[in-house]
Every structure is written in structure tokens, then in C-alpha cells.
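Below is one structure, written out as C-alpha cells, with a few remarks after it.
All chains are named by letter (A, B, ...) in the order of the sequence lines, taking the proteins before the strands, and each is independently numbered beginning at 1.
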Amino acid sequence: MEHVATVLLVALVLAGAIPLLAGCYQFVLAGLHALRVRTPREACFPRVAIMIPAWNEAAVVERTLERLLALEYPADRLRVYVVDDASTDETPEKVQAKAALHPGRIFHLRRERGGEGKAHTINHGLRTLHAEGWFEAVLVIDADVIFTPPSLRRMTRHLADPAVGAVTGYIKEGSRPGNWMNRFVAYEYVTAQAAARRAQNVLGAQACLAGGAQLLRRESLEAAGGVIDTTTLAEDTVTTLNVQLAGKRVVFEPYATVWAEEPRAVTGLWKQRLRWGRGNVQVTRRFRHIWLRRGRAGSLGGVGFALIWFSVFLMPVFMLTSSTALIGLWLLDEERALDVFRALWFLNVVTYLFVTLSSFSIDTETARRTWREGLLFPGVVSLAIIVYAAYPPLYDETIASWLRDAGVDPDDGLATGILLFTYVWLSASMLAAWLVKLLDERFGRRVRWLIAPLVYLVGYGPLLCAITAAAYVKEARGAEMRWDKTEKTGAVGELV
Amino acid sequence: MTLPDPAEEAIAQDRGERKLLLRQLAVIVLIVALVILRIWLV
């Protein structure tokens, strides 16, 4: 009986390796992008309607419009529609002034009754577009993003292939001046966009068109119902999956750079990512018929795509399972627990090195700005465990000898205490991240100086995991679906 | 508006992707070397 329990517990501890293996798999695929994906050689300029859902975007909308008019794209094949969701600031006046300066190129569409969220706002605009019938493709963007001049034409060239239904670009964090949180997000986007979306190009299945840069072929939009889903918090993911289920490909264009302003504090990040996390729970449930069913869903139903999707979606479950089982194993067999812990964390060392160094090599410009955040992404505590796992004699011999010299006996309960702490850290880090968020939320102004060091200590990765866990809880409780808009200040610019 | 030749631009981008692959291969070689070193040391 004990033998069975031990085997079961070892297996559960090693479940913590699944997200690590999925991470490595993703980065290997990202490397294969060079061999498997060929950039189209021909230009393609369909009539594109750019759709900007906007609610109280006076701080950013003028600059966004100016940048869109400067796109390297034939002027007679590009129109910009700002769908003003009953803004109460100066958004309407600013858009109307721009529309008067550029008649036939900029249009102001007003919803008198707003507040229903981004998807409803987009649909208001889409109804106008369908009625006009001019557009061949629609580009849905956020009001604050900056499209670099070649970005749109680099995206539209994929539409020369009739099998492609939608294209997305590379969203980069561009807050200026950026703070520590912006640098974490910038590094995260290298892994979650530049690398992950290249990997998904290779797999032939994209999880999500970036909300700030969704180019949809008209036929694909119509095949997916002609409007955007309004029943989930992840309308962009639903569109992406529906386009692919209708038989068209969705493509990531890594050289279409789009700069975006992202949250500058833990509370803002938590609010934004909780919405994304809840959206992912809803999408996972709604599309339950496609997971691991290649016959029904093509590449979306493949094992590779499921591994990538669920390793992120179930990350908190893997972490909790792994550390709980490790404690159980320690109670049964201390020696074996230590062996399994070392094996798991050694895999962590290899994954950390591979993912971090690969991320730096994928986007060297961002790496120069964010290398500290890249190295400290898992947090100082996890990094210390990684260093220990990489070279155990560092503690077993060197540090233990220092402690003895200082009159502390490392074998007198201290080693066991540290060991148990490291065993539970995978789960405890999420709790610690949640406490940091509470601190920021309740006492943000008074303890702002403390928040950044705490996030570096606990880790940005565990913070994202904690948000995913919070999303499960919110969804399980059936919490109200509110579109909490991320505050934008217009402090965004091209950084390279 | 003068735009770059799309074919030339695409070829340059594919070259960039191949450089990325080479850098990643270098990362893999480095990690394998570190793992061997670790096994040798411990």
C-alpha cells in the first residue's frame, strides 16, 4: 500500500514538470519557425477598415489617428472608424476634428447608450461597415496602440493567400518612461507573443489574435457570424478559434510591430489579467468539444496545441498538486522526496536557462531593456532554489560550512525548515503574490516603495499564476462579467 | 509613397528567422555543455 502511495505521489510531484516541458516544446517550435514558415513574397492591399472601439480615450486617440494615417498603405484603400462608446470626455470632439481634416478617411461613429463593453462597441461599428459594404478586411485595434509604419502592409500580405482568414501582429510594451512593471510585461510579451505565437504558426493553430491588432478577412468574419462574440470576456480568442474552425488559417506576423501601453502597477495588471483569465476559463468551457479532437478541429484539436493551452490554463493546478504531493512524499519517505524534488528542480534549471536565453535571442532590443526582469521573472526565491538545484554542493558544503563557522548548526532543524519551505514554495509563491496584490490595493500609496522589491522577490511568474487561480475562483462563483477598462495615459511610444 | 520591394523585404525577414534559429541552437549547445559540466562536478 505504501509503495503504491509513493509511486502515486512521485507521479503527482512530477506533474509539475508538465508546464516546464510545454515551455521547452514551445521554444523549440519557435526556433523551427525559420524552417517551417515562409514570408509571402507578394504585396497585397485589400480595402481595410480600421476599427477603434473607444470609451473616454481623449488622452490617446488623436495621436493614434495620426499614426494610422502615416501607415505605409495606399490612402484610397484605408479608412479609420472610431466607434465612440458614449464617451463623456473630449473623445467625440477630437475625433470629429480629425474627421473634418481628413474627410473620407476618418469616420466618427457614436453610440449614445454605451457601457456594454468592447465587443458591443465593435459590433456597432461592424454593422455600419456591413451596411456600407466597402471593406475587404477589418483591422480591430485598441485606441492607444501605435502601429509602426510598415506593420499593416506586412500583415495584409498574408491575405494574398485565400486560406488565411486572419492575421495578428507583435504587440510590444511601449510605455515611456517605462517602470519596473512595464519591463516585466515587455519581457513577458517576448515569451507569450514573439515566441509562443511563432510556435503556434508552426503548429498551424493560433490561440488568440492580439486584441490590439486583429486583422480579419471579411469572408472569415462573415463565416464566424459577422459580429464579435459578446458572451465572454475573451471575444478576441473566440473570434480566433471560430475563424480556424470555419476552415481558415490564423497567422502571426512577427515583423508587424505594434506598441501598446500596459499597466504600471500590480493592481492594474491584476484587473487586466483577471479579465483575460476569466475569458480563458469561459473559452475552455465553451470549446470543450475541440480539445484533443484533431478530426473535428484540425490543428486546434492536436496534442501540441492542447499541451500549450492547458499548460498555461492549468498552471496553478500543476503547482498546487506538485508541492502538496511533495509534502506527502516527504512524510512517507524523506530520501525519495529529496531525490524527486532535485529532479524536478533540475528540469526547472534547464527550462529556465533555455526559455530565458532563447527569449533574449528572439528579441534582442527588448532583452537589452529587460534582461534583469527576464532573469528575475520566477522571483529571487525561486532563483535561489534554481541555483541550489543547479549545484547542490553550494548549500550542502559551502553555505553549511559558513553556518557552522558562525556557530549555527545547519543540521539542527534549520536544514529541514529550509527544505520544507522550498517544497511548498511552488504553491506558496502564488499566495505570496496575492498578498502583494492586497498590499498594493489596500495601502498602495503608503507602501509603493515596497511593492516592486516584493514582486522581484516573489516573482512575476507566480503573480500571473495567482491571477489565473483567482480567475478560476471568480468564474466558479459566477461573478458578474464587467469590462474593466485598463487606464491609458498616452505615455507610449516607439522604443526602437 | 515609395515602398520597399516586398520580395526583398520578405527574404531579409526569412534570413532574420534563420539567424534566430542559429542563436537558439547556440543556446541549446551551451545548456548541454553546462549540464555535462554539472554532472562532472557533482
Side-chain angles (χ1 to χ4, degrees), chain A residues 24 27-45 70-75 149-150 153-154 156-158 160 194-195 198 201 253-256 342 346-347 349-364 367 389-394 396-397, chain B:
Chain A
C24 289
F27 274 81
V28 167
L29 288 180
L32 295 177
H33 195 260
L35 305 176
R36 302 288 295 275
V37 178
R38 187 173 178 269
T39 308
R41 283 358 187 200
E42 299 293 325
C44 174
F45 296 109
L71 283 171
E72 293 170 0
Y73 206 86
R153 65 175 173 79
R154 286 181 181 166
T156 54
R157 62 189 168 179
H158 292 279
R198 272 186 175 90
N201 268 353
E253 170 50 64
Y255 294 88
R342 280 184 172 163
F346 188 70
L347 187 61
V349 174
V350 173
T351 306
Y352 169 75
L353 286 174
F354 184 48
V355 167
T356 309
L357 295 177
S358 296
S359 297
F360 289 166
S361 75
I362 283 174
D363 186 341
T364 49
Y391 191 64
L394 188 67
D396 298 344
E397 291 166 19
Chain B
M1 181 174 49
T2 314
L3 298 177
D5 178 60
E8 274 180 27
E9 192 180 43
I11 289 165
Q13 284 171 14
D14 285 348
R15 201 179 304 127
E17 290 295 295
R18 283 196 296 277
K19 271 188 194 165
L20 200 151
L21 174 62
L22 285 176
R23 284 202 293 259
Q24 208 177 26
L25 286 173
V27 167
I28 291 171
V29 169
L30 175 71
I31 291 172
V32 170
L34 286 172
V35 169
I36 292 170
L37 184 70
R38 194 260 193 191
I39 292 168
W40 182 63
L41 281 175
V42 179

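The side-chain heavy atoms of A:Arg41 and B:Ile11, taken from C-beta on, include a pair separated by under 4.5 Å.
How far CD1 of B:Ile28 is from CG of A:Leu357: 11.0 Å, rounded to the nearest 0.5 Å.
No part of A:Val349 comes within reach of chain B, as not one of its non-hydrogen atoms sits under 4.5 angstrom from that chain. Looking at B:Leu34, the atoms closer than 4.5 Å to chain A (heavy atoms on both sides) all sit in the side chain, from C-beta outward. There is no contact between A:Glu397 and chain B, counting heavy-atom distances below 4.5 Å. Of the atoms belonging to A:Tyr73, it is backbone heavy atoms, and not side-chain ones, that fall under 4.5 Å from chain B. With a 4.5 angstrom heavy-atom cutoff, A:Arg38 touches chain B via backbone and side-chain atoms both.
The ring pair (Phe, Tyr, Trp, His ring centres under 6.0 Å) search around A:Tyr352 returns none, not counting sequence neighbours. For A:Phe354, the ring pair (Phe, Tyr, Trp, His ring centres under 6.0 Å) test picks out no residue, with sequence neighbours left out.
Taking both residues in full, the closest heavy atoms of B:Glu17 and A:Pro254 are given as OE2-CG, 4.3 Å, listed atom of the first, atom of the second, then distance. Between B:Ala10 and A:Pro40, the shortest heavy-atom distance links the atoms CB-O, 3.3 Å. For B:Pro6 against A:Glu42, the heavy-atom pair with the smallest separation is CB-C, 4.2 Å. In terms of heavy atoms, A:Leu353 sits closest to B:Val27 at O-CG1, 4.5 Å. Counting all heavy atoms, side chain and backbone alike, A:Ala34 lies closest to B:Leu21 at CB-CB, 4.0 Å. Among all heavy-atom pairs drawn from B:Leu20 and A:Ile362, the shortest one is CD2-CG1, 3.8 Å.
Although no hydrogens or angles enter the test, the distance criterion places a donor-acceptor pair under 3.5 Å between the side chain of B:Arg38 and the main chain of A:Ala390. Under a 3.5 Å cut-off, the side chain of B:Gln24 and the backbone N or O of A:Phe27 do form a donor-acceptor pair.
Around atom CZ of A:Arg342, more than 12 heavy atoms belonging to other residues, nucleotides or ligands sit under 6.0 Å away.
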